[in-house]
Number of protein chains: 2
Amino acid sequence: MARTRRNFSNRVTLSTVAERAGVSPMTVSNVLNEKPNVTPAKREAVMEAVRELGYQPNRAARALASASALRIGLLHRDTESSFLGQVLLGTLRAANRHGTEIAVRPFDPADEKSALKAAEGLIRSGIDGLIVPPPLCENPSIMELQARYHIPMIALAPGASLETIPSVRIDDEAAAYDLTRLLLARGHRRIGFIRFASSHLVSASREAGHRRALQEAGIPDDPALIWTGRPTYEDGLKAAEYFLSLAEPPSAIFGSSDDLAAAIVNYAHRQGMRIPEDLSVAGFDDAPIASQIWPQLTTVRQSISNIAEIATEYLLKSLSERSEMAPEAQLVDYEVIERQSVANLLEPAKV
Amino acid sequence: MARTRRNFSNRVTLSTVAERAGVSPMTVSNVLNEKPNVTPAKREAVMEAVRELGYQPNRAARALASASALRIGLLHRDTESSFLGQVLLGTLRAANRHGTEIAVRPFDPADEKSALKAAEGLIRSGIDGLIVPPPLCENPSIMELQARYHIPMIALAPGASLETIPSVRIDDEAAAYDLTRLLLARGHRRIGFIRFASSHLVSASREAGHRRALQEAGIPDDPALIWTGRPTYEDGLKAAEYFLSLAEPPSAIFGSSDDLAAAIVNYAHRQGMRIPEDLSVAGFDDAPIASQIWPQLTTVRQSISNIAEIATEYLLKSLSERSEMAPEAQLVDYEVIERQSVANLLEPAKV
DNA sequence: CTGAAAGCGCTTACAG
DNA sequence: CTGAAAGCGCTTACAG
């Protein structure tokens, strides 16, 4: 006859709590899961026992019993970036609450097919849902997977609302609008803007917000003040070179990403310019580099970990309730952060 | 009578595989867990069935049955840094393999007691082991917790071997030695070095390696070429100011962290100097900033995600085998990366 | 409102 | 070498 295992750990379980509280394990479970229809007296007794014993539910058991056993996949590009850390942190916070495992898989951004392969591998490995950070959420062949495999997906910070899949993001248009308004309020009239190739939703939204602010201020469109490039450091240097060689250079440059803005600052320094006295610079994202350079960048802060947490929570909720997610964007707050990289032209005395 | 739950998901389980392979579930389990004493024929049959069915073990069930139900804690400081992402990634890789949950808890570096509180909270919440990234692993009051609560701990990249707790790290002394040797090989003789206050083991080890390389090259100690500060961007700027104002400035500055090196580059640019033509700069860590600035930094790469993965694996193994970890350091590989921030003084024609 | 029974998908500890 | 039994700590789906 099989022998029962010894209880090495003296673990406090549901039954321990039930015994102490003088109720059945079921009632303890009901209290813990906030089910209605438990008399206040019993609820109190259970809570007291939980407190006394320092009871912690066993997540594995919970996951197994609730037949959830959910696994969600997360695709990521770049182990170096702080972006991944933010995404991981938020996803973990939500996943831990639900006792859910998260399967992380990297892909090679240099290889066109790598992301698709990684996504399909993840799906075949049996994940129940997929979290899609940028820039994948702008990749149609990835988005297509949702329909092909009937796998729920949610996009992180896609820059604009997507038509077929739900997402969590800030309002990039409004945020860029606010930042440009700040630049205008500091007296800037000629503002250079760097955008990415048109396929980047984030960049398009930010440009739209920027233009709206200019328009409202009665500043006419000036194509010379829009520079289009790739979101790389090198192209940031090129943009700076372009803007500073104009007959009438802008007094401020709005980088649409902190990396780009940092490149501008670097280029200007090498030209012997002072920031912000000779040139103001603003970025977007509040990435670590925004406060690692000098002067620190005026920028827009979006909490990626918060976005990832909300998205994961939503995905898990819909999965466990077997309800469909609406293919809509949930907007979260952003914050314009003013640091030292933008001069106030209206108070020259203070410079 | 209680009714059995319906199998919504048509999930492939151990039993499905066993049926297909014509063996018992136990045998499938034995094959999957690489137990000895399974005939090759049965092993083959099982593997085939696994492949055909695309079977994936249910981690929750595995964790529950093996009574592991392990939870490990991870303390972290700064959600902004890419460091956390690396640590999380490595920890997750190992944790996922074991079906282990990881509980992440932040603390406020500005508040002396915050880290201690966070650690104690984590321990009271019932974790079975604790992963301690820098700089906590140089904090005696945290290290003390291991003995007080009998909780296994492992330190990440502590900079030097610790006496009471095991760690995984690179050989910082040897790495700094190698980097200084590279500087020497490129013809540099006057090399400025930035170190942190003595309590930083990482900095002390790196300084020791730097000095050993100089000594072997027959270059006498020059106290004027050692600058002591805090590991901040601001202090990097001060260090640069100091070194460049020397009557005989160094031809190269070794920053002992990439942040510091980046600050040096920035300061020099603002002085109108060219890097590396007028000044060479080297860093340490290969943090993202090392390749986000121009010129990109010559530095030492250590894979934090790799270190975190190895440490987590070791912790989990000792926990599940109920074996004690030896309080020794496991060394992992590092790599000296030569980029554009160091000039070769021996080939002036190439400048 | 409450709880005994069955089950989630595995592994442990054996007996054969 | 192989497998039937019991159990990990919960929750589901009921009956009372």
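Every chain is numbered from 1 and lettered A, B, ... according to where its sequence line falls, protein lines coming before strand lines.
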Exercise. Hey, does the side chain of A/Ser24 come within less than 4.0 Å of C/dT2's phosphate (OP1/OP2), counting only N and O?
Worked result: no
Problem set entry | Nucleotide nearest B/Thr13 when distance is taken to its side chain, options C/dG3, C/dT2, C/dC10 | C/dC10
Exercise. Expressed in angstrom and rounded to an integer, what is the separation of B/Leu32 atom CG from C/dT11 atom P?
Worked result: 7 Å
List the atom pairs, with distances to 0.1 Å, where a side-chain N or O of residues 139-158 of chain A and a protein N or O form a donor-acceptor pair under 3.5 Å, not counting sequence neighbours.
unit_1	atom_1	unit_2	atom_2	d
A/Asn139	OD1	A/Ser141	N	3.0
A/Asn139	OD1	A/Ser141	OG	2.7
A/Glu144	OE1	A/Arg148	NH2	3.1
A/Gln146	NE2	A/Thr164	O	3.2
A/Arg148	NH1	A/Glu120	OE2	3.3
A/Tyr149	OH	A/Glu120	OE2	2.6

Exercise. Rounded to the Å, how far apart are B/Asn30 CG and C/dT12 C1'?
Worked result: 11 Å
Exercise. Under the side chain to side chain donor-acceptor pair (under 3.5 Å) criterion, do B/Arg169 and B/Ser161 qualify, and how do the steps go?
Worked result: CA-CA 8 Å; B/Arg169 60 184 193 89; B/Ser161 298; 3.1 Å; yes
Problem set entry | Rounded interatomic separation in angstrom, taking CG from B/Leu14 and C1' from C/dT11 | 9 Å
For this session: Verify side chain to side chain donor-acceptor pair (under 3.5 Å) between A/Thr312 and A/Arg93, making sure each step is shown before the conclusion.
Result: CA-CA 9 Å; A/Thr312 305; A/Arg93 279 202 287 250; over 6 Å; no
For this session: Please state whether the phosphate of C/dT2, meaning OP1 or OP2, lies under 4.0 angstrom from any side-chain nitrogen or oxygen of A/Thr27.
Result: no
Problem set entry | Minimal non-hydrogen separation, A/Val132 against A/Leu136, with atom names | CG1-CB, 3.5 Å
Exercise. For the atom pair CG (B/Asp333) and CD1 (B/Ile170), what is the distance rounded to the nearest 0.5 Å?
Worked result: 10.0 Å
For this session: Figure out the CG/P separation between A/Leu53 and D/dG9, and round it to whole Å.
Result: 15 Å
Exercise. Taking OP1 and OP2 of C/dC1, is either one under 4.0 Å from a side-chain nitrogen or oxygen of A/Thr39?
Worked result: no
Problem set entry | Distance, rounded to the nearest Å, where A/Met26 contributes CE and C/dA4 contributes P | 11 Å
Problem set entry | Atom-to-atom span, NZ of A/Lys35 to C1' of C/dC1 - whole angstrom | 14 Å
Seminar exercise, completed: One should report the stems of DNA chain C, each a stretch of at least three consecutive Watson-Crick or G-U pairs at distances under 3.5 Å, as C:1-3 with D:14-16, C:5-12 with D:5-12, C:14-16 with D:1-3
For this session: Please round to the nearest 0.5 Å and tell me the distance separating atom CG of B/Leu315 and atom CD1 of B/Ile310.
Result: 13.5 Å
